[in-house]
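Whatever order the structure lists ligands and atoms in, that order sets their numbers, starting from 1.
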Amino acid sequence: MNNVAPKLTSKEYEANFAELKPALTDVAALAEANRCLYCYDSPCMTACPTHIDISTFIKKISTGNLRGSAKTILSSNWVALTCAKACPVDELCEGACVYHAKGEKPIQIGKLQRHVMDWYVEKRMPQLFTPAEMNGKTVGIIGAGPAGLACAAELTLFGFEVTIYEASKLAGGLDTHGIAPYKMQQQDSLNEVKMIKRLGVKIKTGVRVGKDISFEKLEKTHDAVFIGVGLSMPADLKISGEEMIGVVNALDFVENVTKRKWKSVDVGRRVAVIGAGNTAIDAATEAKRLGAEEVFMVYRRGREQMSAYDFEFELAKRDGITFYFHAQPKKIVGKKKVQALECLETRIVNGKLKTIPRSEFKIPVDMVIKAVGQNIDETFLASIPKLKIKDGMVVVNTKSYQTSNPKYFAGGDCINGGKEVVNAAYDGKRAAYGIHNFIFKKK
Ligand code: SF4
């Protein structure tokens, strides 16, 4: 990198990456729980992709039954602490709360869920579910992200012996490696992994399926296999200069920040982040909080087309990020190291995005973070016979989560192209039912 931003003090890093949403006190949680109207049709529950019985878990908080509340939450969602902290609640449960219709603040469902799950972790996660007696069947799971973990946990309740094969050293997938520390701590995700291990799930980390264990062996060892591999291949910009020193992938950058070894993460003084999704916003705000003097978000369309949520956009604005809308990166300029990002202006003509000829302009930067999306690893998945992939996603039966190869099931980002953790948690749980029905020939 041409120009690395000066390192901050440990205190400054801690302050910059402190959690943005503080926990509720016991008194505040009780008061908030008592505001809930316990709606008979609970629109909040319908809006939650895992359909947690929200009004019931809140009611249990109001009666001081936090253990019962945790059980209600976890019986729908095995990664409930991550979801409490990282879910876009404004768009989901809280967005559907009836208080909106009264012109009042919705119930803080996310914070109440966090209150319960924090209590559960503090109490050292007492066992709330008893795995069923072993049924003699075994399931292999590829990937220890939220879909794989949820599938594994649910399978233990049916009596399956479950082994997860995870290529990384740490389990948890994006919950462990890809969520900004000011939203949640890596340890939160690792606690959830611990909880799932306690159900008897074996997690083999640092094991690459197809390399450290062959697909043939996997298929011989297990009665069914669940694929929860997410989207592991960063999309390229397909412009010249991508190979230069100072060009990084957003997920690699975010993963390094998640480790909390702030001083070891180099960031440029001037940084361009290309993309407009939530990961792009995370990368931009993290770069700023690591000490970059100026951070630019570069997006070829307008604000209205950004896929990032409003609250993420507002956060980036608050952090002083500069937005270049209608700017299409043309090339990365430099001599081995990044010196600038050259872009073309764009406009919409007859509904189509067009670049404007001779509208080139340069943004001088030392670092370019690519955040234009992730793809599935098609080469890896091609090793599974008869596995159908369409539009960059593994095709599954939407009820059973079974793929075109009957022995394989799949869920999470690899079947939906990249949604929320909560969607992956739901997929994993539902796929466990699909696997159980398949193995025991139930309809
Ligand atoms: Fe409570 Fe709001 Fe859900 Fe009604 S919609 S049950 S008030 S959280």
Exercise. Return the residue, atom name and 0.1 Å-rounded distance of the protein heavy atom closest to atom 7 (S) of ligand 1.
Key: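 The protein heavy atom lying closest is Leu37 N, 3.4 Å.
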Quiz item: Which residue supplies the protein heavy atom nearest to atom 2 (Fe) of ligand 1, what is that atom called, and how far is it?
Solution: Cys97 SG, 2.4 Å
Quiz prompt | Arg289 with Glu12: basic N within carboxylate O range, under 4.0 Å | solution =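 A salt bridge is absent here (no side-chain N lies under 4.0 Å from a carboxylate O).
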Quiz item: Hey, is Glu14 close enough to Arg260 for a salt bridge, meaning N to O under 4.0 Å?
Solution: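 Judged by the 4.0 Å cut-off on N to carboxylate O distance, Glu14 and Arg260 do form a salt bridge.
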Quiz item: Should the proximity of Val98 to ligand 1, defined as any heavy atom under 4.0 Å, be assigned to the side chain, the backbone, both, or neither?
Solution: both
Practice problem: Could you list which atoms of ligand 1 come closer than 4.0 Å to a heavy atom of Cys39? | Solution: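 By the 4.0 Å cutoff, the relevant atoms are 4 (Fe), 5 (S), 6 (S), 7 (S).
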Quiz item: Which ligand 1 atoms are under 4.0 Å away from a heavy-atom of Ser55?
Solution: 6 (S)
Could you tell me how the ring of [X] sits relative to the ring of [Y]: parallel (under 30°), tilted (30 to 60°) or perpendicular (over 60°)?
X      : Y      : value
Phe158 : His436 : parallel
Tyr324 : Phe296 : tilted
Tyr299 : Phe325 : perpendicular

Quiz item: Quick check: does Cys44 have an N/O/S atom under 2.8 Å of atom 3 (Fe) of ligand 1?
Solution: yes
Quiz item: Would Cys36 count as a contact for atom 2 (Fe) of ligand 1, in the sense that one of its N, O or S atoms lies under 2.8 Å from it?
Solution: no
Practice problem: For the pair Glu192 and Trp78, evaluate side-chain hydrogen bond (donor to acceptor under 3.5 Å, both in side chains) and give the outcome as yes or no after the intermediate values. | Solution: CA-CA 8 Å; Glu192 287 176 329; Trp78 289 106; over 6 Å; no
